A.B. asks: 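The structure follows.
Note that the structure is a prediction, hence the values are computed from the model and not measured.
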Amino acid sequence: MIDDVYQLDGDAPRTGPPPRGAQAVVWALDVTRDAVGGHALDGALQMLDAAERDRAGRLLREADRRRYLASHVGLRVLLGGYLGLAPEKVGLVREDCPCCGGPHGRPAVAGGALHFSLSHSEDLAYFAFAGVPVGVDVEGLPGAAAVADILTTLHPAETAELTVLAEPDRRAALARVWSRKEACLKATGTGLALGVAEPYVGSAAAPARVPGWLLSDLPAPDGYAAALAVRG
């Protein structure tokens, strides 16, 4: 388990050298900030590429657009720090989808110099970087309706584990399960295309072993759960 999650704030971060192999580095960001990594968000849209600007423009709520802008400026600032590039010079692409071969797989740095993953939930974003494929996810505690919707879509053993818990404990356990699932699915690039029954990640305090991956829970603020999956 990673003991430290670095905090990205309004000042330029000290990233250090890029991580190598499965030694991942994780950062967190409060996306309600007016400045991220030394860059004021007002006018920062020009730092994003055409695909990012298009995505931001299709978000209906101003608050959602602001969160998206903050998280993607943060991503570019951190990638630029590791790669020795200005944030706007970082080239982002999509890998081929492992399910269908289409150009909508994992987000990646052009040239594959560094692997990364981005997740955000409400006002919090997490970023993970590694020398091998990596996935990160952060989740707020689900409401009762979300628990009911998701419960039967999980691995049967996870559904059974969660069903026997009291409602408050079930919400926290499901957040753990979902963050672990999403971290794995982001790392592989399959996303939700094949459903969420596999892999089995468990709902206990420590995640289950997932063959081929190093799966761990991450420190997270109260009301959130977060997890990291690294190929290993």
Side-chain angles (χ1 to χ4, degrees), residues 2-59 64-96 103-121 123-138 182-183 186-187 189 218-220 226-231:
I2 288 182
D3 295 323
D4 293 319
V5 172
Y6 296 102
Q7 298 299 313
L8 180 61
D9 54 26
D11 298 326
R14 297 181 179 180
T15 54
R20 297 183 180 276
Q23 298 300 313
V25 178
V26 179
W27 293 76
L29 169 68
D30 176 351
V31 295
T32 64
R33 289 184 169 277
D34 292 328
V36 174
H39 298 269
L41 288 187
D42 289 339
L45 194 64
Q46 62 188 2
M47 293 173 59
L48 309 188
D49 64 22
E52 291 170 305
R53 292 195 298 271
D54 178 68
R55 171 62 178 153
R58 287 187 281 114
L59 296 173
D64 292 337
R65 290 193 295 271
R66 192 78 173 182
R67 293 185 184 103
Y68 181 92
L69 178 60
S71 61
H72 281 252
V73 168
L75 175 65
R76 286 182 165 276
V77 165
L78 292 169
L79 282 172
Y82 286 124
L83 300 174
L85 296 171
E88 65 274 13
K89 297 296 184 183
V90 176
L92 299 179
V93 297
R94 285 276 186 174
E95 295 179 349
D96 291 340
H104 48 256
R106 292 190 318 137
V109 175
L114 182 66
H115 294 269
F116 71 88
S117 181
L118 162 64
S119 175
H120 54 82
S121 178
D123 293 337
L124 185 62
Y126 271 45
F127 312 85
F129 305 90
V132 296
V134 61
V136 72
D137 192 65
V138 59
E182 284 270 20
K186 288 179 179 179
L218 295 172
L228 176 77
V230 187
R231 180 178 288 172

A.B. asks: Which atom pair, heavy atoms only, marks the closest approach of A187 to A229?
C.D. replies: CB-O, 4.0 Å
A.B. asks: Report yes if some heavy atom in the side chain of Y6 is under 4.5 Å from a heavy atom in the side chain of P13; otherwise report no.
C.D. replies: no
A.B. asks: Would Y82 and V25 count as a side chain to side chain contact (heavy atoms under 4.5 Å, CB included) if you check the C-alpha gap in whole Å, the side-chain angles of each, and the deciding distance to 0.1 Å?
C.D. replies: CA-CA 11 Å; Y82 286 124; V25 178; 3.3 Å; yes
A.B. asks: Could you tell me the separation between the CG atom of L79 and the OG1 atom of T15, rounded to the nearest 0.5 Å?
C.D. replies: 10.0 Å
A.B. asks: Whether D123 and R33 form a salt bridge (side-chain N of Lys/Arg under 4.0 Å from carboxylate O of Asp/Glu) is what I want to check.
C.D. replies: no
A.B. asks: So, the side chain of S119 versus the backbone of Y126: is there a donor-acceptor pair under 3.5 Å, distance only?
C.D. replies: no
A.B. asks: NE2 of H39 to CD of Q46: how many Å apart, nearest 0.5 Å?
C.D. replies: 10.5 Å
A.B. asks: Report the distance from atom CG of L45 to atom CG of L69, rounding to the nearest 0.5 Å.
C.D. replies: 6.0 Å
A.B. asks: A quick test of your reading: do over 12 heavy atoms of other residues, nucleotides or ligands sit less than 6.0 Å from CD of Q23?
C.D. replies: no
A.B. asks: Is there a side-chain contact between F116 and L78 (heavy atoms, below 4.5 Å)?
C.D. replies: no
A.B. asks: Quick one, V134 and V230 - any side-chain contact, counting heavy atoms below 4.5 Å?
C.D. replies: yes
A.B. asks: Is atom CZ of R14 surrounded by more than 12 heavy atoms (other residues, nucleotides or ligands) closer than 6.0 Å?
C.D. replies: no
A.B. asks: Ignoring hydrogens and geometry, is there a side-chain-to-backbone donor-acceptor pair from R20 to G131 under 3.5 Å?
C.D. replies: no
A.B. asks: Locate the shortest heavy-atom distance separating A44 from A40; write the atom from each residue and the value.
C.D. replies: CB-O, 3.4 Å
A.B. asks: Is the backbone N or O of T32 less than 3.5 Å from a side-chain atom of D30, with the two atoms forming a donor-acceptor pair by type?
C.D. replies: yes
A.B. asks: Measure across R67 and V31 and return the closest heavy-atom pair with its distance rounded to 0.1 Å.
C.D. replies: CG-CG2, 3.7 Å
A.B. asks: With side chains defined as the heavy atoms from C-beta onward, is the minimum distance between W27 and V77 less than 4.5 Å?
C.D. replies: no
A.B. asks: Which heavy atom of F127 sits nearest a heavy atom of G74, and at what distance?
C.D. replies: CE2-C, 3.9 Å
A.B. asks: So, taking the atom named NE2 in H120 and the one named NE2 in H72, what distance separates them when rounded to the nearest 0.5 Å?
C.D. replies: 5.5 Å
A.B. asks: For the atom pair CG (L59) and CZ (R66), what is the distance rounded to the nearest 0.5 Å?
C.D. replies: 14.0 Å
A.B. asks: Considering all heavy atoms of both residues, which atom of L118 and which atom of S71 are nearest to each other, and what is their separation?
C.D. replies: CD1-CB, 4.2 Å
A.B. asks: Taking D49 as the fixed residue, which of R94, R76, R55 is the one that meets the salt bridge (Lys or Arg N to Asp or Glu O under 4.0 Å) rule?
C.D. replies: R76
A.B. asks: Show the nearest heavy-atom pair for residues A22 and V132, with the distance to one decimal.
C.D. replies: CA-CG2, 3.9 Å
A.B. asks: Is a donor on one side and an acceptor on the other found under 3.5 Å between the side chain of S117 and the backbone of A128?
C.D. replies: no
A.B. asks: Rounded to the nearest 0.5 Å, what separates atom CE in M47 from atom CG in L75?
C.D. replies: 10.0 Å
